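Following: one structure in structure tokens, then a few remarks.
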Amino acid sequence: MIKKKILVTGGAGFLGSHLCERLLSDGNEVVCLDNYFTGQKQNVVHLLDNPFFELIRHDVTMPFFIEVDEIYNLACPASPIHYQYNAIKTVKTSVMGAINMLGLAKRIKARILQASTSEVYGDPTIHPQPESYWGNVNPIGLRACYDEGKRAAETLFVNYHLQNKVRIKIVRIFNTYGPRMHPNDGRVVSNFIVQALKDEDITIYGDGSQTRSFQYVDDLVEGMIRMMASREEFTGPVNLGNPNEFTIMQLAEMVIRLTNSRSKIVRFPLPPDDPAQRQPNIGLAKKELDWVPAIPLEKGLVKTIEYFASVI
Ligand code: NAD
Ligand code: UDP
């Protein structure tokens with residue numbers, strides 16, 4: 001007996017593919033929509049034999065019509081090199097994608113969850129970051145196409161909810177890693193693991209003292225599903241992240257140790273507007289969703305290293 005029909009935009013990406021997999025194994029029918037900008041068919045090829053899975057090439061900047069019970073809106077490049085590659089397109093994907101998916105949710109009365117980001121906090125002056133913090137974003141900086149696009153998407157979600165009673169859910173995702181990150185994605189975990197496995201130099205930007213809090217993908221997927229199922233009045237935004245905070249230098253050292261690598265650490269200039277610190281306050285997720293991340297960094301890194309060792 002199929003439980004729900006669910007649309008996942010950006011479903012062929014890193015997070016989307018894990019979400020599709022989990023929703024299917026929970027007994028749902030899943031429609032995966034992607035334009036393959038940063039995602040790939042390879043990420044969902046193992047799902048194609050499942051009669052309850054459907055893969056559609058589509059760009060969310062164009063309207064899309066379907067009947068579903070729930071929509072998870074993940075379509076958007078997430079790594080700085082990819083979202084900066086075509087900054088205008090990144091804004092369009094966030095803003096027009098949100099408008100198209102919210103319009104669809106309004107018409108079919110579906111619940112819709114937005115994959116927002118810790119980047120809405122910019123380079124935060126409050127630490128750790130609670131959902132009530134408004135952020136410190138440079139609106140004309142290199143990261144603005146992503147940060148401001150995601151902030152505008154949150155605004156659209158809230159206003160479709162207030163004006164049109166659309167049933168919204170917003171999650172602010174902190175740095176998430178795991179199998180199926182693209183090897184050339186440019187994000188720090190994939191870069192360091194690939195470099196370490198090839199005994200190449202580990203590229204630290206700046207002095208490595210900037211911090212991030214890394215969450216394993218399975219913990220995030222659990223949080224997203226709990227958020228979608230949460231009580232109607234709880235719209236978020238809610239932080240989903242692992243509060244364990246590490247410097248980028250600590251991450252590099254851990255990856256070198258876990259891979260027994262001969263790689264050396266080399267320094268490159270810190271990109272502009274690179275946040276100095278980031279750590280989620282997850283009190284709200286604990287209270288509303290009874291959710292806390294379960295997988296510590298070292299354990300998640302071991303699984304991720306196994307994956308990259310098998311694909312590179
Ligand atoms: P990803 O790049 O692997 O996945 C994004 C997917 O969206 C890709 O499959 C890509 O092809 C697709 N896409 C991009 N533009 C599209 C468009 N116009 N139309 C249709 N599909 C499009 O990145 P990810 O890490 O899986 O991120 C998924 C979502 O989660 C993104 O919205 C991202 O902003 C958000 N997020 C991720 C993280 C993280 O650490 N991974 C953190 C915060 C937020
Ligand atoms: N970073 C690094 N070396 C790399 C890739 C990234 O030192 O090869 C740094 C980057 O400057 C940032 C942190 O790692 O301070 C996290 O970068 P990522 O692109 O993964 O995510 P975001 O900055 O969006 O949190």
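Both counts, for ligands and for their atoms, begin at 1 and track the order of listing. All of these numbers come straight from a predicted model, not from anything done at the bench.
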Crowding at CZ, Arg262 (>12 non-hydrogen neighbours, <6.0 Å): no

Near Gly13 (heavy-atom distance under 4.0 Å), the atoms of ligand 1 are 3 (O), 4 (O), 8 (C), 9 (O)

min-distance protein heavy atom vs atom 40 (O) of ligand 1 -> Thr176 N, 2.8 Å

Side-chain contact test, heavy atoms from C-beta onward, threshold under 4.5 Å: evaluate it for Leu104 versus Ile66 and give yes or no. yes

Could you list which atoms of ligand 1 come closer than 4.0 Å to a heavy atom of Gly10? 6 (C), 7 (O), 9 (O), 12 (C)

Ligand-residue contact atoms, ligand 1 with His58, heavy atoms, under 4.0 Å: 19 (N), 20 (C)

Numbered atoms of ligand 1 (with element) below 4.0 Å of Tyr36, judged on heavy atoms: 11 (O)

the protein heavy atom lying closest to atom 5 (C) of ligand 1 turns out to be Cys76 O, 3.2 Å

Looking only at heavy atoms, is any part of Arg187 under 4.0 Å from ligand 1, and if so is it the side chain, the backbone, or both, or is it neither? side chain

Nearest protein heavy atom to atom 43 (C) of ligand 1, by residue and atom, and its distance? Ile173 O, 3.1 Å

Can Arg111 and Glu232 be counted as an ion pair, charged N to O under 4.0 angstrom? yes

Regarding Arg167 and Glu70, does a basic nitrogen lie under 4.0 Å from an acidic carboxylate oxygen? no

Taking atom types as modelled, is there a side-chain donor on Gln195 or Ser263 under 3.5 Å from an acceptor on the other? no

So for Thr93 against ligand 1, with non-hydrogen atoms under 4.0 Å, the contacting part is side chain

closest protein heavy atom to atom 28 (C) of ligand 1 is Leu74 O, 3.6 Å

With a cut-off of 4.0 Å, which atoms of ligand 1 are near a heavy atom of Ala12? 9 (O)

Neighbour count >12 (heavy atoms, 6.0 Å) for atom CD, Gln250: yes

Would you check if there is a donor-acceptor pair between the side chains of Ser213 and Asn242 at a distance under 3.5 Å? no

Please say whether Pro77 places an N or O atom under 3.5 Å from an N or O atom belonging to ligand 1. no

Closest non-hydrogen protein atom to atom 13 (N) of ligand 1, residue and atom name please, with distance? Asn35 OD1, 3.3 Å

Looking only at side-chain N and O atoms, does Gln129 offer a donor or acceptor that is under 3.5 Å from a partner on His127? yes

Could you give all pairs that pass the salt bridge (charged side-chain N to carboxylate O under 4.0 Å, His left out) test and reach residues 292-312, with sequence neighbours left out? Arg257-Glu298

Would you mind checking if Glu148 and Arg151 are paired as a salt bridge, meaning a charged N to carboxylate O distance below 4.0 Å? yes

At what distance is the nearest protein heavy atom to atom 9 (O) of ligand 1, and which residue and atom is it? Asp34 OD2, 2.5 Å

Between the side chains of Thr90 and Tyr85, does any donor sit under 3.5 Å from an acceptor? no

In terms of atom number and element, which parts of ligand 1 are under 4.0 angstrom from non-hydrogen atoms of Ala75? 7 (O), 20 (C), 21 (N), 22 (C)

What atoms of ligand 1 come closer than 4.0 angstrom to any heavy atom of Asn175? 40 (O)

Lys150 to ligand 1, any heavy atom closer than 4.0 Å: yes

Sort and list the pairs that fulfil salt bridge (charged side-chain N to carboxylate O under 4.0 Å, His left out) and have at least one residue in residues 25-41, not counting sequence neighbours. Arg22-Asp26

Tell me the residues surrounding ligand 2, counting only those with a heavy atom closer than 4.0 angstrom, sorted by chain and number. Pro80, Glu119, Arg143, Asn175, Gly186, Arg187, Val188, Asn191, Phe192, Thr203, Ile204, Tyr205, Gln210, Arg212, Ile248, Pro271, Asp274, Arg278

Determine all donor-acceptor pairs shorter than 3.5 Å in which one atom belongs to a side chain in residues 46-57; sequence neighbours excluded.
unit_1	atom_1	unit_2	atom_2	d
His46	NE2	Glu21	OE2	2.6
His46	NE2	Arg180	NH2	3.4
Asn50	OD1	Phe52	N	2.8

Just wondering, are more than 12 heavy atoms of other shown residues or ligands nearer than 6.0 Å to CD1 in Ile140? no

Please list the nearest protein heavy atom to atom 27 (O) of ligand 1 with its residue and the distance rounded to 0.1 Å. Ala78 CB, 3.6 Å

Contact with ligand 1 for Asp59, non-hydrogen, under 4.0 angstrom: yes

Counting heavy atoms only, which of Phe14, Phe174, Tyr146, Tyr177 is nearest atom 36 (N) of ligand 1? Tyr146

Among Asn43, Thr38, Val217, Asp185, which one has a heavy atom closest to atom 1 (P) of ligand 1? Thr38

Atom 44 (C) of ligand 1: of Ser116, Ala153, Gly39, the nearest heavy atom sits on Ser116

Is Tyr121 close to Glu131 at the side-chain level, that is, under 4.5 Å between some pair of heavy atoms? yes

Inspect the contact between Glu119 and Arg143 and indicate whether a charged nitrogen and a carboxylate oxygen are less than 4.0 angstrom apart. yes

Does Asp59 come within less than 4.0 Å of Lys89, counting only side-chain N to carboxylate O? yes

Residue, atom name and distance, where the atom is the protein heavy atom closest to atom 30 (O) of ligand 1: Leu15 CD1, 3.5 Å

